[in-house]
Amino acid sequence: MSRMLFVNLAVENVAASRAFFDTLGFTFNDMFCDENTACLEINEQTYVMLLEKPRFRDFINDDICDTTKAREALMCVSADSRDAVDALVDGAIAAGGSEWVTTGAQKAQEEMGDFAHQRAFRDLDGHVWEVMWMDMSAAAQAWTPEDAEENATAEA
């Protein structure tokens with residue numbers, strides 16, 4: 001069975017967040033948008049609901065994550081090419097976001113070599129969006145089941 005995925009994120013200003021992601025080329029499903037909510041469409045099965053904080057609080061019993069101090073999630077979207085990765089992240093920075101770089105991401109990029117490219121940005125509310133392109137056939141040839149088992153053992 002195929003399932004749909006709805007990720008819900010708290011935002012300060014839904015109109016500003018919608019404009020930010022619209023600038024990056026994302027589309028919205030207006031059937032699920034109102035003055036407090038924007039439904040960002042990743043694909044036909046995946047959506048990110050951008051909810052103004054008072055509306056987001058309707059769905060939780062505890063606090064909203066302070067994205068200046070902690071991560072509640074890392075969103076990762078694919079791109080069609082290396083250039084598309086760079087264009088999306090550079091566009092996010094130009095639209096008011098900021099680049100997000102970590103030692104772990106840099107190490108992963110080195111390990112992936114030429115068959116993948118990734119970068120990340122923080123949106124207007126500090127949520128981290130990774131953008132990645134991968135040549136899946138090259139990755140399949142480079143990674144063996146033994147590699148996956150070795151990585152799982154090293155992380156444990």
Side-chain angles (χ1 to χ4, degrees), residues 2-33 37-53 55-56 59 64-144 147-148 150-152 154-155:
S2 178
R3 295 186 186 268
M4 297 177 76
L5 174 65
F6 294 86
V7 176
N8 296 280
L9 296 178
V11 300
E12 288 291 335
N13 181 318
V14 75
S17 292
R18 183 173 178 155
F20 175 82
F21 285 103
D22 187 53
T23 298
L24 301 180
F26 286 93
T27 58
F28 293 83
N29 183 331
D30 287 323
M31 185 167 61
F32 300 110
C33 296
T37 307
C39 180
L40 186 148
E41 189 171 20
I42 303 297
N43 59 43
E44 293 179 359
Q45 295 286 93
T46 310
Y47 302 87
V48 177
M49 304 298 293
L50 305 171
L51 302 146
E52 285 203 1
K53 287 184 177 181
R55 180 67 177 136
F56 189 87
F59 298 98
I64 294 172
C65 178
D66 179 350
T67 58
T68 65
K69 298 178 182 176
R71 294 304 114 231
E72 77 249 289
L74 297 173
M75 274 59 68
C76 184
V77 295
S78 63
D80 293 332
S81 67
R82 290 174 176 276
D83 289 341
V85 169
D86 292 336
L88 184 54
V89 174
D90 292 343
I93 294 165
S98 60
E99 188 149 22
W100 178 257
V101 179
T102 67
T103 304
Q106 290 173 327
K107 181 180 178 200
Q109 179 62 55
E110 291 169 10
E111 291 171 354
M112 289 186 286
D114 292 335
F115 59 84
H117 180 59
Q118 68 177 17
R119 288 178 61 198
F121 66 88
R122 289 176 59 166
D123 67 17
L124 301 179
D125 293 282
H127 304 293
V128 176
W129 292 78
E130 297 174 320
V131 185
M132 186 178 83
W133 165 83
M134 183 179 293
D135 178 338
M136 294 303 286
S137 60
Q141 290 175 358
W143 287 340
T144 66
D147 292 333
E150 184 179 304
N151 289 338
E155 291 174 5

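Keep in mind that this is a model prediction, so the values were computed, not measured. Keep in mind that the numbers below use all heavy atoms, side chains included, and drop hydrogens, waters and symmetry copies.
Of all heavy-atom pairs spanning Val128 and Ala120, the tightest one is CG1-CB, 4.3 Å. The shortest heavy-atom contact between Ala38 and Val14 is N-CG2, 3.5 Å. Contact detail for Ile64 and Ala10: the closest heavy-atom pair is CG2-CB, 3.8 Å. The two residues Ser17 and Leu50 make their nearest non-hydrogen contact at CB-CD1, 4.1 Å.
With values rounded to the nearest 0.5 angstrom, Thr37 atom OG1 is found 4.5 Å from Leu51 atom CG. Note that CD of Glu41 is 11.5 Å distant from CZ of Phe26, once rounded to the nearest 0.5 Å. With rounding to the nearest 0.5 angstrom, the OG1 atom of Thr27 is 9.0 Å from the CG atom of Asp22. In this structure, CD on Gln118 lies 10.0 Å from CD on Gln106, to the nearest 0.5 angstrom. The distance from atom CZ of Phe121 to atom CG of Asp90, rounded to the nearest 0.5 Å, is 11.0 Å.
Tyr47 pairs by the ring-ring contact (aromatic ring centres under 6.0 Å, His included) definition with Phe6, not counting sequence neighbours. For Phe32, the ring-ring contact (aromatic ring centres under 6.0 Å, His included) test picks out no residue, with sequence neighbours left out. With sequence neighbours excluded, the residues that form a side-chain contact (heavy atoms from CB on, under 4.5 Å) with Ala95 are Phe20, Thr23. The side-chain contact (heavy atoms from CB on, under 4.5 Å) test applied to Ala16 returns Asn13, Leu124, not counting sequence neighbours. Glu99 meets the side-chain hydrogen bond (donor to acceptor under 3.5 Å, both in side chains) test with Arg119; sequence neighbours excluded. Considering only residues two or more places apart in sequence or on other chains, Asp30 meets the side-chain contact (heavy atoms from CB on, under 4.5 Å) condition with Arg18, Phe28, Cys33. Looking at residues two or more places apart in sequence or on another chain, you find a side-chain hydrogen bond (donor to acceptor under 3.5 Å, both in side chains) between Glu72 and His127. The salt bridge (charged side-chain N to carboxylate O under 4.0 Å, His left out) search around Glu12 returns Lys53, not counting sequence neighbours. With sequence neighbours excluded, the residues that form a salt bridge (charged side-chain N to carboxylate O under 4.0 Å, His left out) with Arg55 are Asp58.
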If you look only at distance, which donor and acceptor atoms sit under 3.5 Å apart when one is on a side chain in residues 76-85 and the other is two or more places apart or in another chain?
{"residue": "Ser81", "atom": "OG", "partner": "Asp83", "partner atom": "N", "Å": "3.4"}
{"residue": "Ser81", "atom": "OG", "partner": "Ala84", "partner atom": "N", "Å": "3.0"}
{"residue": "Arg82", "atom": "NH2", "partner": "Asp114", "partner atom": "O", "Å": "2.5"}

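Crowding of Met136 atom CE: a count of heavy atoms from other residues, nucleotides or ligands under 6.0 Å not exceeding 12.
Side-chain atoms of Arg71 and Trp100, non-hydrogen and from C-beta on, do get closer than 4.5 Å to each other.
Under the salt bridge (charged side-chain N to carboxylate O under 4.0 Å, His left out) criterion, no residue pair touches residues 120-130, with sequence neighbours excluded. Sorted by first and then second residue, the salt bridge (charged side-chain N to carboxylate O under 4.0 Å, His left out) pairs with a member in residues 131-140 form an empty list; sequence neighbours excluded.
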Working for side chain to side chain contact (heavy atoms under 4.5 Å, CB included), residues His117 and Gln109: CA-CA 7 Å; His117 180 59; Gln109 179 62 55; 4.0 Å; yes
Audit row: Val48, Trp129, side chain to side chain contact (heavy atoms under 4.5 Å, CB included) steps and yes/no: CA-CA 12 Å; Val48 177; Trp129 292 78; 3.7 Å; yes
